[in-house]
Structure formats: structure tokens, C-alpha cells
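A quick note: this is a predicted structure, and the numbers were derived from the prediction, not measured.
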Amino acid sequence: MPARWRTKSGCLTCRMRRKKCDEESPKCHSCCRNGLTCIWSPQETPVDRHRNALSTLNDHTPSLKYPPPFGGPSRESLFQYLAMTMIPQLLIPGTPLDTGNELIPLAAQYPCLRDSFLACATLFLSQSNGVQTLPHALTYYSDAVRYTRRMIEESKVKGTEDWLLLQALLLCIFERAQSGPYCEAMSHLLGASRIMALKVRSATDQSTPTSPFQQMCAASLLYHAATTAFLSPDISRLPEGTIWNQLQQFIEPSYTSLFAIPPTLCRLILEISRLARRTPLNDHDKQLASSLHDQLRPYLPLQLTPDEAICSEENHDHKAEEIKKAAQLYALSADILLLKTTNPQLAAKDSRVQAQVKQIMKVLQSDVQGIFWNQHYSWPFAILGCVVQRETEMLFLLGRLGTLWERSRWGDIQRTTNLFRAMLDFRRQNAQFAGSLRDEKSGASDCPEPFDMLLRTDWLLQFTG
């Protein structure tokens, strides 16, 4: 690797990804190798790029009197990076990068949307580079919310605009990305679901075709609802199944193949999360659980014979294989949660649960990189931490989370890591790992497993306080 590579003076793409850059123009080697959009601040030397980008953000004065579209070349470069490279991959894993071509005109037209982009950009700068830009990120966030509320109060929105839906999704991403102890994404998901319901109804009444951009936003809403709801005590705030049924119809089946975590799988995860909060199940819930299990089957790993495995290895597409593994990781975790939901007395050491754990560990140990940022693994990890039987497995997962945090600086990863540490201490203290010696007189064996707590609405509070 060339000795002259430096993260601080490289392209914005490498700097935000915290990767080394060879500073080749117009496209560096790292971006070429990873198929990313290489963004440079215009008319700046490599040494000045990083300093100028931050000084532009630090000099920003919060105001509802918005400057021209971006307010300076450094801020424009940050915005382009966010729109073309970062946000598409955060909306839902596998979103095409050219989605940014539709985001930039919308943000240029709606200042509050532009501020949402800049809020995300400054947040990632703060968490990735240790630069004190968090107050400016919160300022952009507040301005975006305040200006949007003003437009609503002044009846300047109909409630079906594309920019408004994207605004709600960006605010959700901001909340999930910030690394504080609490995530307030649920209120933005609730707003996005109501906007989406109006859009679906309008499209149905007018028989108008949906654009790929609208389908992508719909898929993103499903993804964030599925992966946020179970880790939130506010899951009941999300609307019931009707809107999600309509949403699934809104997304063309052919479009779902682009995503590493298909919208149909996200919908299953969301419904399983709802069921987990309704135990014990009534007869109707049990029928629904059986149906959900059947729908999960296509996403679960196939058991191949040795000859079939060799043939598959010789002919498979590596990119498609990584996408498939990402979906399997989610499906296996969802199946574990569904098993517990339908069998509340089931112990984590049950052979059915451990068979799924073995499959998940196999996927993780194969060092899945995927075509998306690794922060998207936080949801499966939260389930897996409740069921692994060996302390070494727990430590492996905790180490993996540390790596994911270093690579992404994504808030959900930090919160999941804190949850893991609390669970690790809890399970150590109560001798809940395989091979531990239980003190029969202490009554430690009567202490509930984290697997049992998964069905409680306050299960996170048991570990995080």
C-alpha cells in the first residue's frame, strides 16, 4: 500500500468511510475498487479539502433564512457525497447509488430537506473523525424539523409529496445514526407511514404508476420499521397491518430483487415482532405465526448435499451470494424469535434454536461483507446475543460489533454493543453459559434467561436500565 495514502486529505468518500485514499483524481483507487462515487471538493488542494469542509460547517449560523442551494463548495461536496454515496445505502441495503441523482434536485428545491442531509453529514463527521460538529448537526436537524412544521401549519403541503416522505426517512436515519443512549426514530417512522398511506391511497384513486424512487422509499420505510420496532418499547405506536399490506402492493415484485434485505422479508420481521409482544397468542395469532413461518422458508439456508455444494461453489455469483447471505442472517434470526413466540417455554439450549444459531454463526464466520455498510447487522445481533450458549461465542459477537462500530460509527451498533455488554455481565453472574458451575443454593438457576425476556415489552430496560 503506498506510504503516501492519508485518510485526512483523501476524497470525501474515503474520509467518511474512514478508509485510506491514494488521492488519484478524478477517481481514487479505493472508490474504483468498491464501485463508489468518488467526491472531491472543487478547486481545493488535497491538504485543504478536509479543513475547508469542516470550517464551512462550523461557520454555519442556524436560521430559517436559507442561503443559496448549498452555501459553498465544501458544503456542496459534502452534500453530494451524502446524496450519491451514503444515503442510498442507508435507506435500505442494496439501493442503487444513482438514486442520488433524484435526491439532489429535491434538496435544492426544499431547504428543510437540504438541512436534513447536512444534519446527517455533520453527524457522521462528528462520530467518524472526532470533530466537534455534533452541535451543528443538531442545529441542522432542529431547523429541518422546525421549517417542516411551519410549512404544515401554513398548509403548504398536501401530505403526499416525495420530498416530505424522504424528509421523514432522513430524520429517522439521523436518529438511528446518533450514538446516544436512546433512539427516537419511532416518531419519524410513524410520520413516514402516514405519508405513505396517503400516497398509496392517492396512487390507487388516480391509477397512477409509481416511480422507482417512490418504490425505494416504500421499501426503506418497511426496512426501518422492521429493524427499529423490535428494539423499541414503542412498537405499538406503528399502525396495524392494513398500511403494510398496501405498502407491499405498492412495491413491484421485480424491484425487490435489488435489495439485500427484501421488503417482503422486512414485512415478515415486522409482523413477527408484533406477535412477540402479544404472547400468549390466541388462536388467530397462532394461525398467523404458522403462515409467517411458511413465508420465511424461502429465505432460510438450503441443506445441500456435498455434490450440490461443490456445483454451487463453481457456478455461483459472489455478489449474489453475499446478498443471499444477508437475507439469510435476518431470516434465521426472525425464525428464532418466531420459535420463542409460539413456544414461550422454549429454552435457548433447545436443539431447534441452536440449529439456527449454528447456521447464523456459519454465515458470520464466513466474514460476510455484503454490498452495503455493516451497520445493518445490528438487528440480528440483538436476537443472537440472547441465545448463544458459549461465552466465547458471545465474546466473538461483541468483538464483531466493535469492528462494525469502527467501520460505520452507526448509533444502533453502539446501543447494541451496550446491550451485549449488559447481557454478558448478566449471564456471567447467573452462570447461564454452557459449562458454568451453578450454585444450587443461590437460586441462580431460577433466574430468567435473556431469551425469556425477549417476549417482554420492557426487555431492553432489564439490561440498559
Would you check if the side chain of [X] reaches a backbone N or O of [Y] as a donor-acceptor pair within less than 3.5 Å?
| X | Y | result |
| --- | --- | --- |
| R400 | L364 | yes |
| T99 | P96 | yes |
| Q178 | E175 | yes |
| N430 | Q432 | no |
| D412 | S378 | no |
| Q359 | P301 | no |
| D452 | E449 | yes |
| T403 | G399 | yes |
| Q354 | A348 | yes |
| S116 | C112 | yes |

Closest contact, heavy atoms only, [X] versus [Y]:
| X | Y | answer |
| --- | --- | --- |
| Y182 | R415 | O-NH1, 4.0 Å |
| P448 | M453 | CG-CE, 3.8 Å |
| L401 | I413 | O-CG2, 3.5 Å |
| L222 | C266 | O-CB, 3.8 Å |
| P262 | Y299 | CG-CE2, 3.8 Å |
| I195 | A168 | CD1-CB, 4.4 Å |

- Item | Step-by-step side-chain contact (heavy atoms from CB on, under 4.5 Å) determination, V388 to R427 | CA-CA 11 Å; V388 292; R427 297 181 69 179; 3.9 Å; yes
Would you check if [X] and [Y] make a side-chain contact, meaning some heavy-atom pair closer than 4.5 Å?
| X | Y | answer |
| --- | --- | --- |
| H188 | L170 | no |
| P344 | L455 | yes |
| L91 | I173 | yes |
| F213 | M216 | yes |

- Quick one: which of Y223, F381, F259 gives a ring-ring contact (aromatic ring centres under 6.0 Å, His included) with H376? Y223
- Query: Looking just at side-chain N and O atoms, do T227 and Y330 make a donor-acceptor pair shorter than 3.5 Å?
  - Reply: no
- Can you name the one residue among R352, Q356, K340, R297 that meets side-chain hydrogen bond (donor to acceptor under 3.5 Å, both in side chains) with D335? Q356
- Item | More than 12 heavy atoms from other groups under 6.0 Å of CZ on R390 | no
